[in-house]
Peer 1: 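Before I ask anything, let me first share the structure, which is written out below as structure tokens.
First the proteins, then the strands, lettered A, B, ... as listed; each starts at 1.
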Amino acid sequence: MRRKNMCHHQQGTQLTLQQWLFVTTKDRRTDKQTPFSLQPNQTNFTETSYVSETTEQTLTTSDELLSQSSTNVTEQQATKTQVFVGNHMDNIFQLQLQSQGFPFQAVAITLDILQATSSRLSSIEILSDLFLAILLKYPQDLLPAVYLCTNRVAAPWEAVELGVGGSLISKAIMEVTSVSKETLRSLYKQYGDLGDVAQICCSRLQRLFKPNYLTAQHVYQSLRKIAQTNGVKSVSRKKNLIQSLLVASRSPEARYIVRILSQHIRVGAVEKTVIAALGRAFIILDAIRSNGEEITSRAQVQKYSIERKTETKLLVERMNRAFSECSDWERIITFLVNDTHSWNQLNEFCKLQPGTPLKPQLGKITKSVDEMIKDLGTDSDISCEWKYDGQRCQVHIIENGVVQLFSRHLEDMTSKYPDVVSSFADISGVTSAILDAEIVAVNPSHSQMYLPFQYLSTRARKDVQLNQITVQVRVIVFDLMFLNGVCLIEQSFRQRRQLLERHFRVRSVTLPETLISSQVNEVEAWLNRAISNGCEGLMCKALDGPNSVYYPSKRSEGWSKIKKDYVEGISDTMDLVPIAAWWGNGRKAGWLSPFLLACYYDGEFQSVCKVMSGFSDEEYKSLTEFYLRDKTLPIKPPYYQVDESLRPAIWLQACQVYVLSYEKKLNLTIP
DNA sequence: GATGACTGCCC
DNA sequence: ATTCTGC
DNA sequence: GCAGAATGGGCAGTCATC
């Protein structure tokens, strides 16, 4: 064993969904071939309503239907599935125009199909057909549909949170369907997905009156309502909203209502796939419109798709760029829906601008200085910056002097750091800018001394007042993407860096410690120095050449990060003994993980940490077998000193010693 | 008002 | 954050 | 290599409950 991540004891009061349901999963499904709950002959669309009055269905039969890629399947079944998919996609184009809006059931069935599709190209095509069908008759429903498919309610910086998790959803399902907690538990244990569980429970629901069918718009608006619900009794009001969706659901809507609420849509299509699908849909829509053709089948669409391949590719490229500079579906879709003939102006309309965050560039993990230099190449000078142990921050200085701060995932965190905001007020010669930065905690009495992320994370997160700051910070700016009205992301890092130094070498902000070198020895010494100053390692960047432009959202070749725990032989180590374990979830179902490790001292084993990474799958398997064979204990021995709140599933004989390396930043307290 | 369960968001 | 997987 | 989905620890904020 080379390396293990270390962690503190879990607090004990906090439960994961799995713990809430007391699940020790053994046969949880993680494959994409989870069942449909709709059979081919149940998609017989009626004249008046898209939604067929489905009779009771069992999951066993739909299980069979969707097992097309498993080994013991007949070709007959595979064909059956294909026919079903084809029928469904045709049916989507034959929807009768109705005032209510685009049926959510059509979205849900499409997501079911998507989940069973592993090919990315097919996924794009299926999703694209859905979007096209919406565009043809319900263009105003496209945005809600895209939000539902991408599992979002609003742009990330808009501070709209559902405030709904596994616990609340489970309660809602139990109350609506009168399913007992025990049944829910065992279903969850069996399927490993709350959406699947909801689908099974809701499909058994008997109703006196069939409620009106759900529209994509209605489901989306309900999500917004749930997000807006707060204050006293908000939890039960949220629950009521969830329940009314579940009550109105038709197969397989409940599955996706729940998956969307729990933020795990699990259909293998999130962002890039949706962009590619949308691009294709808009191009085909344009072609259909100019031809004046009536679309009633998928085959017609296919024809256009082949014809317009080049244009599609171009638009998708534009959309990708637009989305990385302005991750705002509303803005992009509004433009495309309203302005279908001036797509070349998309990147003008959705471009980098202060006030809207762009996706930050990420660094590629590198295991050694040698490898880093090889990766970045020798054509360009390499800038090696200390990688500070803090929080990523994108600083926006807007024309009128307003400053806004965004996190790595584009959340607005302006109100968390009023001190950082004031650092950027009134910088001479700067009217607007976008900067990339790291916020690091510092020791209040020695502001040169950086403190670990652990300490920074204790800072209050909302509406921090300047005079009530407990955690002092410093902001380290390391890139400049926009300055005084000019976008810089396509300039070389050397040029951006020059502008950064010229305008932001001011007292209130700091530039990272930097060494420009391609000498292995020099860089290794520099890495050690960074680490001994409390940094995580180095971020190494090409100064010139094509790799030195700013790539939004990319884990690009241009940035290479070396962290001390990637590098052999740098970390400190401890000798620890496994004394207990839990059953793993998901991929690790059936194996022991995590293990509880202890150190031996004076006749007792004192628990130190849990360890859950660092083993290969094979090692998990053999470790599990090794301990289960004859090394388990029925109860906790008295000489195991373990925190009360920890309840391992299995106690183990102390019989193996592991050498663990750990990260100093975790501030371990060893008894 | 204190506590604990739950959720979201950092890494 | 890291890690794994199918394409 | 990419995109997506799986996994982890640990913190603050919010709300229900006692």
Peer 1: For A:S457 and for A:K364, find the nucleotide of DNA chain D with the closest heavy atom, then tell me which residue's nucleotide is more 5'.
Peer 2: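 First, find each residue's nearest nucleotide; the 5'-ward one identifies A:K364.
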Peer 1: In residues 467-474 of chain A, which ones come under 4.0 Å of DNA chain D, going by heavy atoms?
Peer 2: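 Those residues: none at all.
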Peer 1: Does a nitrogen or oxygen in the side chain of A:S167 sit under 4.0 Å from OP1 or OP2 of B:dA5?
Peer 2: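 Result: no.
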Peer 1: Within this structure, what is the CZ-to-P distance between A:F453 and C:dA1, rounded to whole angstrom?
Peer 2: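 Roughly 10 Å, once rounded to whole Å.
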Peer 1: State the CD-CG distance between A:Q394 and A:D436, to the nearest 0.5 angstrom.
Peer 2: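 Between A:Q394 CD and A:D436 CG, I get 6.0 Å after rounding to 0.5 Å.
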Peer 1: From C-beta outward on A:Q391, which listed nucleotide comes closest to its side chain: C:dA1, B:dC11, D:dC15?
Peer 2: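 The answer is B:dC11.
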Peer 1: Ignoring backbone atoms, test whether A:K462 places a side-chain nitrogen or oxygen under 4.0 Å from the OP1 or OP2 oxygen of D:dT14.
Peer 2: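 For D:dT14, OP1 or OP2 has a side-chain N or O of A:K462 closer than 4.0 Å.
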Peer 1: Is A:R120 touching bases, backbone alone, or none of the nucleic acid, heavy atoms closer than 4.0 Å?
Peer 2: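 Sugar-phosphate, no base atom in range.
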Peer 1: Among D:dA5, D:dC15, B:dG8, which nucleotide sits nearest the side chain of A:L162?
Peer 2: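 Output: B:dG8.
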Peer 1: If you round to the nearest 0.5 Å, how far is NZ of A:K563 from SG of A:C535?
Peer 2: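 Separation between the atoms: 12.0 Å.
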Peer 1: Once rounded to the nearest 0.5 Å, what's the spacing between atom OH of A:Y191 and atom CG of A:D196?
Peer 2: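 Here the rounded value is 8.0 Å.
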Peer 1: Check every strand shown and say whether A:E271 touches a base, only sugar-phosphate, or nothing at a heavy-atom separation below 4.0 Å.
Peer 2: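 Sugar-phosphate: the residue A:E271, judged by heavy atoms under 4.0 Å, touches backbone atoms but no base.
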Peer 1: Reckon A:K554 has a side-chain N or O less than 4.0 Å from the OP1 or OP2 of D:dG1?
Peer 2: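 So the side chain of A:K554 is outside the cut-off, no N or O lying under 4.0 Å from OP1 or OP2 of D:dG1.
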Peer 1: Quick check for you: among C:dC7, D:dA12, D:dA16, whose closest atom lies nearest to any side-chain atom of A:T458?
Peer 2: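 The answer is D:dA12.
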Peer 1: Considering only heavy atoms, which members of residues 435-443 of chain A lie under 4.0 Å from some atom of DNA chain D?
Peer 2: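 By residue number: none to list.
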Peer 1: Taking the side chain of A:K171 as heavy atoms from C-beta outward, which of B:dG8, D:dG4, B:dC6 is closest to it?
Peer 2: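 The closest nucleotide is B:dC6.
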Peer 1: Given D:dC15, B:dC9, D:dA5, identify the nucleotide with an atom nearest to the side chain of A:V270.
Peer 2: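 Between D:dC15, B:dC9, D:dA5, the one nearest the side chain of A:V270 would be D:dA5.
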Peer 1: Test ring pair (Phe, Tyr, Trp, His ring centres under 6.0 Å) on A:Y450 and A:W386; report intermediate values, then the result.
Peer 2: CA-CA 12 Å; A:Y450 296 117; A:W386 288 7; 7.6 Å; no
Peer 1: Identify whether any heavy atom of A:L168 sits under 4.0 Å from a base atom; if not, whether one sits that close to sugar-phosphate; answer base, sugar-phosphate or nothing.
Peer 2: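 Touches sugar-phosphate only.
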Peer 1: Which parts of residues 408-415 of chain A get close to DNA chain B, meaning a heavy atom less than 4.0 angstrom away?
Peer 2: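 Per residue number, the list reads A:R408, A:E411.
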Peer 1: What is the distance, to the nearest angstrom, from the CE atom on A:M539 to the C1' atom on C:dA1?
Peer 2: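 Whole-Å distance recorded here is 13 Å.
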Peer 1: What integer distance in Å separates A:L127:CG from D:dG4:P?
Peer 2: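 For the pair A:L127 CG and D:dG4 P, the rounded distance is 11 Å.
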Peer 1: Would you tell me if any nitrogen or oxygen in the side chain of A:Q454 comes within less than 4.0 Å of OP1 or OP2 on D:dG10?
Peer 2: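 For A:Q454, the contact criterion (side-chain N or O under 4.0 Å from OP1 or OP2 of D:dG10) is not met.
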Peer 1: Would you kindly compare A:G163 and A:K387 by the position of their nearest DNA chain B nucleotide and give the one closer to the 5′ end?
Peer 2: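 Result of the comparison: A:G163.
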Peer 1: Within the pair A:R266 and D:dA6, is there a side-chain N or O less than 4.0 Å away from OP1 or OP2?
Peer 2: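 Looking at the OP1 and OP2 atoms of D:dA6, one of them is under 4.0 Å from a side-chain N or O of A:R266.
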Peer 1: Can we say A:R459 and A:D419 salt-bridge, meaning some charged N sits less than 4.0 Å from an Asp/Glu carboxylate O?
Peer 2: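 Looking at A:R459 and A:D419, the cut-off is met.
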Peer 1: In whole Å, I'd like the distance from the CG atom of A:N547 to the P atom of D:dG1.
Peer 2: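 Spelled out: CG on A:N547 to P on D:dG1 is 12 Å.
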Peer 1: Between A:K416 and A:Q391, does any side-chain donor sit less than 3.5 Å from a side-chain acceptor?
Peer 2: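 Yes, because at least one side-chain N or O of A:K416 sits under 3.5 Å from a partner of the opposite role on A:Q391.
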Peer 1: Between D:dC15, C:dT2, D:dG13, which nucleotide gets closest to the side-chain atoms of A:S234?
Peer 2: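 The listed nucleotide nearest to A:S234's side chain is D:dC15.
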Peer 1: Considering only D:dA3, C:dC7, D:dG13, which nucleotide approaches the side chain of A:K272 most closely?
Peer 2: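 Comparing D:dA3, C:dC7, D:dG13 against the side chain of A:K272, the answer is D:dA3.
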Peer 1: Report the C-alpha separation of A:T366 and A:S560 in whole Å, then their side-chain angles, then the decisive distance to 0.1 Å, and conclude whether the side-chain hydrogen bond (donor to acceptor under 3.5 Å, both in side chains) test is met.
Peer 2: CA-CA 6 Å; A:T366 312; A:S560 194; 2.4 Å; yes
Peer 1: Under a 3.5 Å threshold, yes or no: a donor from one side chain and an acceptor from the other, between A:D193 and A:Y188?
Peer 2: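 Checked: A:D193/A:Y188 side chains show no N/O donor-acceptor pair below 3.5 Å.
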Peer 1: Are the side chains of A:S327 and A:L410 in touch, meaning some heavy atoms are under 4.5 Å apart?
Peer 2: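 The answer is yes, as the side chains (C-beta and beyond) meet within the 4.5 Å cut-off.
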Peer 1: Would you classify A:K416 as touching base, sugar-phosphate or nothing, given that sugar-phosphate means primed atoms plus P, OP1 and OP2, and contacts are heavy atoms under 4.0 Å?
Peer 2: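 Here A:K416 touches no strand at all.
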Peer 1: Whether A:S119 contacts C:dC7 is assessed here as follows: a side-chain N or O lying under 4.0 Å from the phosphate OP1 or OP2. Is that the case?
Peer 2: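 A:S119 to C:dC7 OP1/OP2: no side-chain N or O under 4.0 Å.
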Peer 1: So, are A:E271 and A:K359 salt-bridged, with charged N and O less than 4.0 Å apart?
Peer 2: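 Looking at A:K359 together with A:E271, the answer is yes, because their closest N to O distance falls below 4.0 Å.
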Peer 1: Does the ring centre of A:W559 sit less than 6.0 Å away from the ring centre of A:Y551?
Peer 2: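 That pair fails the under 6.0 Å test.
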Peer 1: Hey, is A:E175 close enough to A:K171 for a salt bridge, meaning N to O under 4.0 Å?
Peer 2: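 Salt bridge absent between A:E175 and A:K171.
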Peer 1: For the residue pair A:Y147 and A:Y220, categorise the inter-ring angle as parallel (less than 30°), tilted (30 to 60°) or perpendicular (more than 60°).
Peer 2: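 Parallel: the ring planes of A:Y147 and A:Y220 meet at under 30°.
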Peer 1: May I have the distance from A:F406 (atom CZ) to B:dC10 (atom C1'), rounded to whole angstrom?
Peer 2: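 My rounded result for the distance is 17 Å.
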Peer 1: Between A:Q115 and A:R259, does any side-chain donor sit less than 3.5 Å from a side-chain acceptor?
Peer 2: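 The answer is yes; a qualifying pair exists.
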Peer 1: Roughly how many Å is it from CG in A:L223 to P in B:dT7, rounded to a whole number?
Peer 2: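 Going from CG in A:L223 over to P in B:dT7 covers 16 Å.
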Peer 1: Measure CG/A:L405 against C1'/B:dC9 and give the value in whole Å, please.
Peer 2: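 For the pair A:L405 CG and B:dC9 C1', the rounded distance is 16 Å.
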Peer 1: When the distance from CG of A:L121 to P of D:dC2 is rounded to whole Å, what number comes out?
Peer 2: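 Answer to the nearest Å: 17 Å.
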Peer 1: Counting side-chain heavy atoms from C-beta on, which of C:dC7, C:dT2, D:dG4 comes nearest to A:I365?
Peer 2: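 For A:I365, the side-chain atoms sit closest to C:dT2.
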Peer 1: Rounded to whole angstrom, note down the C1' distance from C:dA1 over to B:dG8.
Peer 2: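 The answer is 16 Å between these two C1' atoms.
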Peer 1: Under 3.5 Å, is there a donor on one side chain and an acceptor on the other for A:Q361 and A:S556?
Peer 2: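 Yes.
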Peer 1: Using the side-chain heavy atoms of A:R461, tell me which of these nucleotides is nearest: C:dG6, B:dC9, B:dC11.
Peer 2: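 Of C:dG6, B:dC9, B:dC11, B:dC9 is nearest to the side chain of A:R461.
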Peer 1: Is the shortest side-chain N/O distance from A:T273 to OP1 or OP2 of D:dG4 below 4.0 Å?
Peer 2: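 A:T273 to D:dG4 OP1/OP2: side-chain N or O found under 4.0 Å.
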Peer 1: Look at the side chain of A:R392 against the base of B:dC10 and say whether a donor-acceptor pair falls under 3.5 Å; ignore hydrogens and angles.
Peer 2: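 Per atom types, no contact qualifies.
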